[in-house]
Amino acid sequence: QTCALPIFLGAHLAHNRGRISKDTLCDMRLFLAGGAMLVGFIGGSPYWIVSHEKYLHFLRYEQANMNFTLAGTANGYGNLVYGIISAEWAWGLLALAGCSYAISKRSSSDWILLSIIIPTLLYVGSWPKSSLHYIAFALPLMGLLGARLVLALVGPNMKLAILLMALLSI
C-alpha cells in the first residue's frame, strides 16, 4: 500500500495535466484515496494496533536483517545505476536517458510511469545492500521510456526507428 500512494499521486497529476498547484495537491479526491489506503492498511493488518510493541520489534528485526542478509553489494544508489548499465549497456543507457527525458517532458503517461520508477529506485537504493532483482518490475517500464525517447529522436521516420531498435537489440 505504501507504493500505491505515488501511483495515485502520479495519476492525479496526469489527470490535472501535470499542473502542480495548491488546488491540485489539496484536492479532496487525493485525501480520500489516502484515507482509503489507511483504512485498507488498518483493516488488512490490525496487528500493529493490537500488539504495537511486537509489531515494532518485528520492524526493527527486519531492518537489522537488511544490513547483512540482502544479496548484492553496498552503495545502493550507485550500485543500481551501475547494475542497470552493466547488465546491458545499450539498453541501460537508453532506459536511463528515457527516464531523464520523461522527467523533462512530463506528459500524463510519464507521470504514471515515473510514479512507479522513481519511488522504487529511491526506496531500493536507500538499502545498505541492493541488487537488480529488487527492481525487476520497474525495468520494463524504464525500457518503455527508453523506446519512447528513440521515437522522439527519430521523429516521423518509422523505418529509422525500427532500424535503430533492431541495432540496439543485437
Side-chain angles (χ1 to χ4, degrees), residues 1-88 91-93 95-100 102-103 106-146:
Q1 285 182 341
T2 307
C3 296
L5 189 58
I7 296 169
F8 286 141
L9 184 58
H12 182 69
L13 290 172
H15 177 71
N16 288 299
R17 295 184 180 91
R19 292 185 308 250
I20 299 176
S21 66
K22 181 181 174 188
D23 294 335
T24 303
L25 294 176
C26 295
D27 191 351
M28 183 55 75
R29 292 175 294 183
L30 199 57
F31 287 107
L32 288 174
M37 287 177 24
L38 183 63
V39 167
F41 173 72
I42 292 170
S45 58
Y47 188 65
W48 71 276
I49 294 174
V50 176
S51 184
H52 185 70
E53 277 303 314
K54 288 182 181 179
Y55 187 77
L56 287 178
H57 176 66
F58 171 74
L59 289 179
R60 281 189 225 108
Y61 175 77
E62 287 298 316
Q63 176 62 30
N65 278 343
M66 291 179 81
N67 289 327
F68 64 88
T69 60
L70 287 178
T73 58
N75 187 10
Y77 295 112
N79 185 47
L80 283 179
V81 172
Y82 176 75
I84 290 169
I85 293 171
S86 67
E88 176 60 45
W91 181 90
L93 289 174
L96 292 173
C99 289
S100 298
I103 289 171
R106 288 184 271 182
S107 69
S108 354
S109 60
D110 293 336
W111 278 111
I112 303 247
L113 294 176
L114 290 172
S115 70
I116 298 168
I117 295 168
I118 292 175
T120 299
L121 295 179
L122 290 176
Y123 179 64
V124 174
S126 70
W127 295 352
K129 293 183 177 182
S130 61
S131 177
L132 284 185
H133 75 277
Y134 297 111
I135 63 165
F137 67 92
L139 295 176
L141 304 176
M142 294 173 68
L144 286 173
L145 292 178

Asks: What pairs with Tyr82 under side-chain contact (heavy atoms from CB on, under 4.5 Å), at least two apart in sequence or on another chain?
Replies: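 Counting only residues at least two positions away or on another chain, Tyr82 forms a side-chain contact (heavy atoms from CB on, under 4.5 Å) with Ser86.
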
Asks: Show the nearest heavy-atom pair for residues Ala87 and Leu132, with the distance to one decimal.
Replies: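 For Ala87 and Leu132, the tightest heavy-atom pair comes out as CB-CD1, 4.0 Å.
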
Asks: Atom CG in Leu80, atom CD1 in Ile135: separation rounded to 0.5 Å?
Replies: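 Spacing of CG (Leu80) from CD1 (Ile135) equals 5.0 Å.
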
Asks: Say you draw a straight line from CD1 of Ile116 to CZ of Phe137; how long is it, rounded to the nearest 0.5 Å?
Replies: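 If we round to the nearest 0.5 Å, Ile116:CD1 and Phe137:CZ are 8.0 Å apart.
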
Asks: For residues Leu139 and Ile84, determine if any side-chain heavy atom of one lies less than 4.5 Å from a side-chain heavy atom of the other.
Replies: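 Answer yes - side chains close enough.
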
Asks: Nearest 0.5 Å please: distance from the CE atom of Met142 over to the OG1 atom of Thr120.
Replies: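 The CE atom of Met142 sits 10.0 Å away from the OG1 atom of Thr120.
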
Asks: Are the side chains of Leu145 and Asp110 in touch, meaning some heavy atoms are under 4.5 Å apart?
Replies: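 They are in contact (side-chain heavy atoms under 4.5 Å apart), so the answer is yes.
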
Asks: OG of Ser109 to CG of Leu144: how many Å apart, nearest 0.5 Å?
Replies: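 Nearest 0.5 Å value for the OG-CG distance: 9.5 Å.
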
Asks: What are the two closest non-hydrogen atoms of Gly143 and Ala95, and how far apart are they?
Replies: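 Where Gly143 meets Ala95 most closely, the heavy atoms are N-CB, 4.4 Å.
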
Asks: First locate atom SG of Cys99, then atom CG of Leu113, and finally report the distance between them rounded to the nearest 0.5 Å.
Replies: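 CG of Leu113 is found 8.5 Å from SG of Cys99.
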
